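This report concerns only the one structure given below.
Just so we're on the same page: letters track the sequence lines, and every chain starts at 1. If you're wondering where the values come from, they're calculated on a predicted model, not measured in any experiment.
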2 protein chains.
Amino acid sequence: MPEASPNRPAPARPRTPKPRTRRGQDTRDSLIKAAEAVIGEVGFAAASIADITRRAGIAQGTFYIYFQSKDEVFRELVLEMGKLTRGFLADAVADAPDRLTAERRGLRAFLSFVAERPALYNIVMEARFVAPDAYRAYYTTFARGYAQNLAAAAREGEIRDGDAEVRAWALMGMAVTLGERFAIWESEVDPDALVTEVFDMLERGLKP
Amino acid sequence: MPEASPNRPAPARPRTPKPRTRRGQDTRDSLIKAAEAVIGEVGFAAASIADITRRAGIAQGTFYIYFQSKDEVFRELVLEMGKLTRGFLADAVADAPDRLTAERRGLRAFLSFVAERPALYNIVMEARFVAPDAYRAYYTTFARGYAQNLAAAAREGEIRDGDAEVRAWALMGMAVTLGERFAIWESEVDPDALVTEVFDMLERGLKP
DNA sequence: CTTCAATATGACGAATGATTCATGTTTCAG
DNA sequence: CTGAAACATGAATCATTCGTCATATTGAAG
């Protein structure tokens, strides 16, 4: 590894073309699914292409018909995770009467999501080291939407004024860590109680 | 990798003995320092023993006099990071008049620390994948102290009652993510303003 | 000034695992 | 039905790097 570039300058990805056949699409799907399982369980470094193709029930070489490298599947997975999470949260929050309720439901939904797909969650976390740009994009995209919602709510007078971006990152950070601690590690704490507790602090503050 | 064990059951570490000589201690120190720099910059996987020893100005084989494996230096680094951070924060918070002030100063200090030693911070984050037990120990130790402080403050009436453990993890999560976003990535936001903003939310709550 | 344990060296053995490739097989448009 | 494009195969390639070892060197106790 002569040049380990921390800031890879837009890898100029030529993009493996999409499958042109039903069969091809199916194979690709199997690979993605297997990759999620394997990489999510044992981590990127420990997951070999052989592991992935074996799990998918497919020959090794076939992998390279659909992805240029191990890196590329990984990125694909991060992208997918982004879409899934955003969709899931959007649904959970869709008909909330106000922003604070929406936030509460959002956190609750996030915890459920993490508990149900720990593998995908691990992949996003590991992206910080395997695909920093994808990782950043994931959180930045999230934060943007989050901040917009908070700003709008402040405008409506639903919450006090304040820096929406800072708040967005602070809230996201809470969610991420709480998810890891109470949804992935074993937890004695009931998720609903957890959310209630957190929002007591967030809504009313810590001051007596 | 036949068995990729997510839960390694206490690796039965025979422990490389400490150096018996001044020279040995110096060499070990060089290696630790080099390892922090290299691993922190390029990540665990990309960092080779050769990179580390080269940076330390020492022969490859010498590495194995002081560490049994790449994993072992890494663990050492996580441990060190834990001690450093706790010491730094303890100092920063030492003579705060009350808990809320202490929290504020703690966050501010944490942001400075991260900004000054991003490599160490990266290592702790990566520990989630390289040395899960060390990672967990790091955060659990932190959270315990944090929760005790919060519980005490609640008892004193300095803050409202509430689940100290949940609060501790929520606050830690905020700090971690804010550190990454505003202290490691480029930031337009002034750290002091950031802290003020966050504590406005934490102390008074979001409700209008 | 010996002597031996501690420390240092760097070339090398061995394993690993990503990626390629030459060779089939399947699909589907026409 | 047919042939070209897609797709599939898995053995072979190839670069990388961990960790070992046989061989020095150092330094301090006696």
Side-chain angles (χ1 to χ4, degrees), chain A residues 1-5 11 13-35 38-39 41-77 129-131, chain B residues 1-5 11 13-35 38-39 41-76 130-131:
Chain A
M1 176 139 338
E3 327 279 301
S5 60
R13 207 141 14 112
R15 277 258 168 238
T16 311
K18 297 270 167 244
R20 312 224 174 282
T21 296
R22 176 60 195 274
R23 183 166 66 131
Q25 186 58 52
D26 288 349
T27 304
R28 206 190 118 104
D29 289 348
S30 311
L31 282 171
I32 286 267
K33 206 174 147 203
V38 174
I39 297 180
E41 271 166 30
V42 308
F44 183 79
S48 69
I49 303 292
D51 289 337
I52 294 171
T53 52
R54 197 178 310 122
R55 179 118 174 192
I58 276 171
Q60 280 229 94
T62 306
F63 178 91
Y64 291 90
I65 294 172
Y66 298 100
F67 306 98
Q68 305 212 323
S69 64
K70 206 167 124 183
D71 248 78
E72 195 178 299
V73 228
F74 189 85
R75 278 163 198 285
E76 207 79 345
L77 287 172
F129 304 98
V130 177
Chain B
M1 178 141 333
E3 326 279 302
S5 59
R13 207 140 16 110
R15 278 257 167 240
T16 312
K18 297 273 168 241
R20 312 226 174 278
T21 294
R22 176 59 194 274
R23 183 165 66 131
Q25 187 57 52
D26 288 349
T27 304
R28 207 190 117 103
D29 290 348
S30 310
L31 282 171
I32 286 265
K33 205 174 148 203
V38 174
I39 298 180
E41 271 166 31
V42 309
F44 182 79
S48 69
I49 304 292
D51 289 335
I52 295 172
T53 51
R54 197 177 312 122
R55 180 116 173 196
I58 277 171
Q60 284 226 56
T62 305
F63 178 91
Y64 292 91
I65 294 173
Y66 298 99
F67 305 98
Q68 306 212 324
S69 63
K70 209 165 116 181
D71 248 78
E72 196 179 300
V73 228
F74 189 84
R75 280 164 196 284
E76 206 80 347
V130 176

In sequence, state the C-alpha distance, the side-chain angles, and the governing distance for B/V73 and B/F63, and then conclude on side-chain contact (heavy atoms from CB on, under 4.5 Å).
CA-CA 10 Å; B/V73 228; B/F63 178 91; 3.3 Å; yes
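- Spacing between atom CZ of B/R54 and atom P of C/dG10 amounts to 13 Å, rounded to whole angstrom units.
- When distances run from any side-chain atom of A/T21 to the nucleotides C/dT19, C/dT27, D/dA8, the shortest one goes to C/dT27.
- With distances taken from any side-chain atom of A/I65 to the nucleotides C/dT19, D/dT9, D/dG19, the minimum falls on D/dT9.
- Counting heavy atoms from C-beta outward, A/T27 and A/I65 have side chains that stay 4.5 Å or more apart.
- Put simply, CD on A/Q60 is 20 Å from P on C/dT23, counting in whole angstrom units.
- Counting any heavy atom pair closer than 4.0 Å across all strands shown, B/S48 reaches sugar-phosphate atoms only and no base atom.
- Look at NZ on A/K18: it is 12 Å from P on D/dC7, rounded to the nearest Å.
- In this entry the distance linking CD1 of A/I49 with P of C/dT16 reads 17 Å, nearest Å.
- For A/R20, the listed nucleotide lying nearest its side chain is D/dA6; candidates were C/dT19, D/dA6, C/dA6.
- Per the geometry, CD1 belonging to B/I52 stands 18 Å off P belonging to C/dG10, to the nearest Å.
- Listed nucleotides C/dT19, C/dA8, D/dA8 differ in distance to A/T62; the shortest reach to its side chain belongs to D/dA8.
- For the pair A/F63 CZ and D/dA8 P, the computed distance is 14 Å after rounding to whole Å.
- A/Y66 comes within contact range of the sugar-phosphate backbone alone, with a heavy-atom separation under 4.0 Å but no base atom that close.
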